[in-house]
Amino acid sequence: MEEGVHVSSHPLVKHKLTLLRDINTNSTQFRQVVREISILLTYEATQNLQLDPKPVTTPMGEADGWVLRSRIGLVPILRAGLGMVNGVWEMMPGAEVWHIGLYRDERTLRPVEYYNKLPVEPTVQLCLILDPMLATGGSAVATTDLLKKWGATRIKYVGLIAAPEGIRAMRKAHPDVPLFLGAVDERLNEIGFIVPGLGDAGDRQFGTG
Ligand code: PRP
């Protein structure tokens with residue numbers, strides 16, 4: 001895989017992705033597994049975060065200690081990205097959460113923005129975009145455009161399953177944004193669904209559709 005595209009090879013991710021894909025996984029289990037894989041992928045995506053030293057006093061004496069240097073923003077793309085937030089947030093409780101609302105027009109497959117409350121100035125140094133599916137890449141590209149216009153300088157994308165088309169679109173539009181993915185599937189079908197994928201990540205999480 002090319003530079004900037006990280007596809008997890010972790011056995012736990014592979015095991016859990018299998019559960020996620022399974023047509024017999026119900027929506028309670030699906031939400032739980034989305035949460036777990038999101039934590040595992042974010043662990044990989046945050047491996048090179050910078051630290052500042054912060055010595056700590058233990059009951060036995062002084063120890064070296066560290067704190068994260070950057071303020072982190074979690075940017076879930078509504079609605080399917082919502083299920084990726086909570087687990088990641090528990091690992092990084094100091095993170096801010098900035099929601100971006102996009103849906104795909106069913107005919108054109110182009111993203112349509114319907115919610116964005118980013119403040120005027122960036123408040124974080126690193127943005128992690130969270131969205132289970134990278135299909136045509138339209139939503140990821142549009143979200144990255146928005147974040148860059150906002151003034152975000154460091155952005156990473158965390159996604160569960162990607163199509164080659166989506167990876168190409170993101171690498172072309174935003175080669176500076178590394179992608180951290182659970183799996184790369186074969187292709188998109190004629191209505192823009194990832195095959196074999198897992199179906200509609202929004203509907204399966206929220207019990208709709
Ligand atoms: C899905 C998915 C991504 C997007 C990916 O959302 O959650 O956001 O499609 O497709 P793309 O790469 O072609 O842009 P959808 O539009 O179905 O909305 P939902 O999350 O509200 O269900």
Side-chain angles (χ1 to χ4, degrees), residues 4-7 16-17 20-21 23 25-28 30-38 41-42 45 73-88 97-118 127-149 155-175 177-209:
V5 183
H6 307 267
V7 184
K16 289 175 190 297
L17 269 176
L20 205 63
R21 291 180 188 279
I23 192 172
T25 296
N26 69 30
S27 106
T28 308
F30 192 91
R31 284 195 297 275
Q32 178 62 25
V33 179
V34 166
R35 172 194 174 88
E36 292 166 355
I37 303 177
S38 303
L41 293 179
T42 304
L74 307 180
V75 185
I77 305 181
L78 306 179
R79 98 205 122 124
L82 274 180
M84 297 179 68
V85 174
N86 279 348
V88 175
V97 180
W98 295 104
H99 302 89
I100 300 292
L102 295 177
Y103 69 87
R104 289 197 311 179
D105 181 292
E106 279 178 15
R107 198 177 45 83
T108 63
L109 295 183
R110 295 299 307 154
V112 181
E113 185 182 331
Y114 63 88
Y115 186 83
N116 170 3
K117 284 275 191 189
L118 290 172
C127 291
L128 295 180
I129 299 176
L130 306 176
D131 191 348
M133 310 303 275
L134 182 64
T136 65
S139 305
V141 169
T143 301
T144 310
D145 285 341
L146 273 171
L147 292 175
K148 286 187 174 174
K149 266 191 213 124
I155 303 171
K156 298 180 183 207
Y157 176 95
V158 182
L160 308 189
I161 299 185
E165 292 87 338
I167 295 176
R168 273 199 296 277
M170 265 303 269
R171 295 310 291 159
K172 183 154 179 264
H174 298 293
V177 174
L179 309 176
F180 292 85
L181 305 168
V184 179
D185 276 10
E186 281 164 39
R187 62 184 173 90
L188 289 181
N189 70 9
E190 57 291 345
I191 54 165
F193 274 64
I194 300 176
V195 180
L198 49 71
D200 186 312
D203 284 343
R204 291 196 66 182
Q205 284 182 78
F206 297 107
T208 52

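Counting starts at 1 for both ligands and their atoms, in listed order. Everything quoted here is computed from the prediction, not taken from an experiment.
Contact annotation: the side chain of Met133 approaches that of Leu198 to within less than 4.5 Å [non-hydrogen atoms, C-beta and beyond]. In this structure, Glu106 and Ile191 have side chains that are not in contact, with every pair of non-hydrogen atoms separated by 4.5 Å or more.
Formation of a donor-acceptor pair under 3.5 Å by the Gln205 side chain with backbone atoms of Ala80 is found in this model. Judged purely by atom type and a 3.5 angstrom limit, Lys16 has no side-chain atom pairing as donor or acceptor with the backbone of Glu36.
The nearest heavy-atom contact from the protein to atom 4 (C) of ligand 1 is Ser139 OG, 3.6 Å. Counting only heavy atoms of the protein, atom 13 (O) of ligand 1 lies nearest to Thr136 OG1, 2.5 Å. Remark: minimum distance from atom 17 (O) of ligand 1 to any protein heavy atom is reached at Asp200 OD2, 4.3 Å. Scanning the protein heavy atoms around atom 15 (P) of ligand 1, the nearest turns out to be Arg104 N, 4.4 Å. Atom 5 (C) of ligand 1 has Met133 O, 3.4 Å as its closest protein atom, hydrogens excluded (heavy atom only).
For the ligand labelled ligand 1, residue Leu109 lies outside the 4.0 Å heavy-atom shell. Residue contact annotation: Ala140 has no non-hydrogen atom under 4.0 Å from ligand 1.
Close approach of ligand 1 to Gly137 is summarised as follows: ligand atoms under 4.0 Å from at least one heavy atom of the residue are 11 (P), 12 (O), 13 (O). Residue contact check: Tyr103 has heavy atoms under 4.0 Å from atoms 16 (O) of ligand 1. Atom numbering of ligand 1 starts at 1 in the shown order; those under 4.0 Å from a heavy atom of Arg79 are 19 (P), 20 (O), 21 (O), 22 (O). The contact set between ligand 1 and Gly138, taken as ligand atoms under 4.0 Å from a residue heavy atom, comprises 11 (P), 12 (O), 14 (O). Of all atoms in ligand 1, listed by their number and element, those nearer than 4.0 Å to a heavy atom of Ala80 are 7 (O), 20 (O).
Within a 4.0 Å radius of atom 1 (C) of ligand 1, the protein has no heavy atom. Distance check for atom 19 (P) of ligand 1: a protein heavy atom is found below 4.0 Å.
Ring orientation note: the planes of Tyr115 and His99 are nearly perpendicular, at an angle over 60° on the 30°/60° scale.
How far CD1 of Ile37 is from CG of Leu160: 5.5 Å, rounded to the nearest 0.5 Å. In this structure, Ile129 CD1 and Leu147 CG are separated by 5.0 Å, a value rounded to the nearest 0.5 Å. For the atom pair CZ (Arg171) and CG (Leu179), the distance works out to 5.5 Å, reported to the nearest 0.5 Å. The CZ atom of Arg104 sits 10.5 Å away from the CZ atom of Arg110 when rounded to the nearest 0.5 Å. Here the CG atom belonging to Leu128 is positioned 9.5 Å from the CE atom belonging to Met84, to the nearest 0.5 angstrom.
Heavy-atom neighbours of Tyr103 OH from other residues, nucleotides or ligands within 6.0 Å: at or below the threshold of 12.
Only the side chain of Asp131 comes within 4.0 Å of ligand 1, judged by heavy-atom distances.
The N/O atoms of Tyr114, backbone and side chain alike, include none that comes under 3.5 Å of an N/O atom in ligand 1. Inclusion of Gly202 in the set of residues having an N or O under 3.5 Å from an N or O of ligand 1 is not warranted. For the pair Asp203 and ligand 1, the shortest N or O to N or O distance does not fall below 3.5 Å.
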